[in-house]
Amino acid sequence: MARVLVVQNHRGGGPGRFGDWLRADGVSPDVVHAYAGAPLPRRPGHDGVLVLGGGYLPDDDVRAPWLAPTRVLVAQAVERGVPVFGICLGGQLLAQVAGGTVRGEHGEPEVGSTPLTLRPEAGADPLFRGLPERVTAVEHHVDAVTALPPGAAWLMASERCPYQAFRVGERAWGVQFHPEAGADRVRSWDAGRLRARGLDPVELSRRAELDEPAAEAVWREVARRFAAVVVGS
């Protein structure tokens, strides 16, 4: 079975259903709890790399010292053509190491099930081609990619955050949203904190539950395609 190195950046941020989907398609997730001090390999030794989300900027090395070796690992994977998939912080980290820019507290936050639009460039992409023109995904972020790396393919956008999905080279993808998270993740968020930000936790959960069937089918297909790229590599 092919193996993907999964970098987990906080206690509650595991690979979720995305990891289950990869496993079902012949790819074993090898989760490294980097936030807890588990060491990362110095160079890519797996068939792919998956970097998950977390409440940090990609270069927040004081609070998250494991991000420095993660950046090195991702840069080496991109250089060697090892398949990479970065989610939220992971996508921002990919953008940064490939020459893009990321800004903290940028624009309006996106919280909950968020509408996304497929861009024309996605028509030639191995993971995003043929997806519905409009789909939703769970989001929870304020930091954002503000400029894509040179030559990157811009694949998806949203109203508040243009760079929702992109590809670097032929085998490295970054997304701002959370394909691994469904309505259960939204229900688990702290209701008091949501209300303090002017958000209605009941409405956020209701919207996510309504959107989940269609969204889950789309992200399941993207996971299947990424698994195929990993196995094929």
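In this text the structure is predicted, and so the values were computed from the model without any measurement.
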Same cluster or not: W173 versus V74, using hydrophobic residues (I, L, V, M, F, W, Y) connected whenever any side-chain heavy atoms lie under 4.5 Å apart?
no
Drop me the distance from C88's SG to D143's CG, to the nearest 0.5 angstrom.
8.0 Å
Report yes if the side chains of Q76 and V72 come closer than 4.5 Å at any heavy-atom pair, otherwise no.
yes
How about CD on E170, more than 12 heavy atoms from neighbouring residues, nucleotides or ligands closer than 6.0 Å, or not?
no
Walk me through whether L67 and N9 qualify under side-chain contact (heavy atoms from CB on, under 4.5 Å).
CA-CA 9 Å; L67 290 176; N9 294 300; 3.9 Å; yes
Does this structure show an ion pair linking D20 with R17, if we count only N-O contacts that are shorter than 4.0 Å?
no
If hydrophobic clusters are built by linking Ile, Leu, Val, Met, Phe, Trp and Tyr wherever their side-chain heavy atoms come under 4.5 Å apart, do W219 and V229 end up in the same one?
yes
Less than 4.0 Å between a side-chain N and a carboxylate O, is that true for R207 and D200?
no
T117 and R134 side chains, donor-acceptor separation under 3.5 Å:
yes
Nearest 0.5 Å please: distance from the CZ atom of R171 over to the CZ atom of F226.
10.5 Å
With a 4.5 Å heavy-atom cut-off, do L118 and V135 have their side chains touching?
no
Go through the steps to decide whether L22 and F85 satisfy the test side-chain contact (heavy atoms from CB on, under 4.5 Å), and finish with yes or no.
CA-CA 12 Å; L22 291 178; F85 198 95; over 6 Å; no
Between L199 and L204, is there a side-chain heavy-atom distance shorter than 4.5 Å?
yes
Write down the atom of P65, the atom of V62, and the distance for their closest heavy-atom approach.
CD-O, 4.0 Å
Describe, in one word, how the ring planes of W189 and H140 are oriented to each other, choosing from parallel (under 30°), tilted (30 to 60°) and perpendicular (over 60°).
perpendicular
How many angstroms lie between atom CG of L52 and atom CG of L93, to the nearest 0.5 angstrom?
11.5 Å
Side chains of E110 and S158: any donor to acceptor distance under 3.5 Å?
yes
Please report whether the ring centroid of W66 lies less than 6.0 Å from that of Y56.
yes
Starting from the C-alpha separation in whole Å, work towards a yes-or-no answer on side-chain contact (heavy atoms from CB on, under 4.5 Å) for R167 and L155.
CA-CA 7 Å; R167 188 186 74 251; L155 305 174; 4.1 Å; yes
Assess whether a salt bridge exists between D47 and R3, defined as any Lys/Arg side-chain N lying under 4.0 Å from an Asp/Glu carboxylate O.
no
Heavy-atom closest pair (A95 atom, P149 atom, distance to 0.1 Å) is O-CG, 3.5 Å
Is the distance between the ring centroids of W154 and Y163 under 6.0 Å?
yes
Of all heavy-atom pairs linking H10 and G54, the shortest is CD2-CA, 3.7 Å
If you round to the nearest 0.5 Å, how far is CZ of R23 from CZ of F18?
12.5 Å
Please list all pairs passing the salt bridge (charged side-chain N to carboxylate O under 4.0 Å, His left out) test where one or both residues lie in residues 75-89, with sequence neighbours left out.
none
Can you see which heavy atom on V82 is nearest to which on P44, and at what distance?
CG2-CB, 4.3 Å
With side chain to side chain donor-acceptor pair (under 3.5 Å) as the criterion, how do H46 and D30 come out once you've worked through the C-alpha distance, each side chain's angles and the decisive distance to 0.1 Å?
CA-CA 9 Å; H46 291 69; D30 185 3; 2.9 Å; yes
Rounding to 0.5 Å, atoms NE2 (H141) and CZ (F177) come to a distance of 10.5 Å
Return the CG to CG distance between L73 and L5, rounded to the nearest 0.5 Å.
6.0 Å
Does the side chain of V6 come within less than 4.5 Å of V32's, by heavy atoms?
no
Would you kindly confirm whether L127 and V145 end up in one hydrophobic cluster when ILVMFWY residues are joined by side chain heavy atoms under 4.5 Å apart?
no
Checking R71 against D61 for the salt bridge (Lys or Arg N to Asp or Glu O under 4.0 Å) test, could you report, in this order, the C-alpha distance in whole Å, the side-chain angles of both residues, the deciding distance, and whether it holds?
CA-CA 11 Å; R71 292 195 302 274; D61 296 345; 2.8 Å; yes
Please check: side-chain N/O of T136 versus main-chain N/O of P115, any donor-acceptor pairing under 3.5 Å?
no
Could R225 and E221 be called an ion pair, given the rule that one side-chain N must be under 4.0 Å from one carboxylate O?
yes
Under 4.5 Å between any side-chain heavy atoms of V230 and D25, yes or no?
no
Does V51 reach the side chain of I87, with side-chain heavy atoms less than 4.5 Å apart?
no
Please check: side-chain N/O of R63 versus main-chain N/O of G55, any donor-acceptor pairing under 3.5 Å?
yes
Is the shortest side-chain N to carboxylate O distance from E209 to R206 below 4.0 Å?
no
Within one Ile-Leu-Val-Met-Phe-Trp-Tyr cluster: F166 and V84, side-chain cutoff 4.5 Å:
yes
Is there a path of hydrophobic side-chain contacts, each under 4.5 Å between heavy atoms of I/L/V/M/F/W/Y residues, joining L50 to V31?
yes
Under 4.5 Å between any side-chain heavy atoms of V7 and L40, yes or no?
yes
Between the main-chain N or O of P109 and the side-chain N or O of R160, is there a donor-acceptor pair closer than 3.5 Å?
yes
Are the side chains of W21 and E180 in touch, meaning some heavy atoms are under 4.5 Å apart?
no
Pair L194-V111, side-chain contact (heavy atoms from CB on, under 4.5 Å): steps then yes or no
CA-CA 9 Å; L194 293 172; V111 180; 4.1 Å; yes
Minimal non-hydrogen separation, Q96 against V102, with atom names
CB-CG2, 4.4 Å
Applying the side-chain hydrogen bond (donor to acceptor under 3.5 Å, both in side chains) criterion to E139, which one of Q164, H178, Q176 satisfies it?
Q164
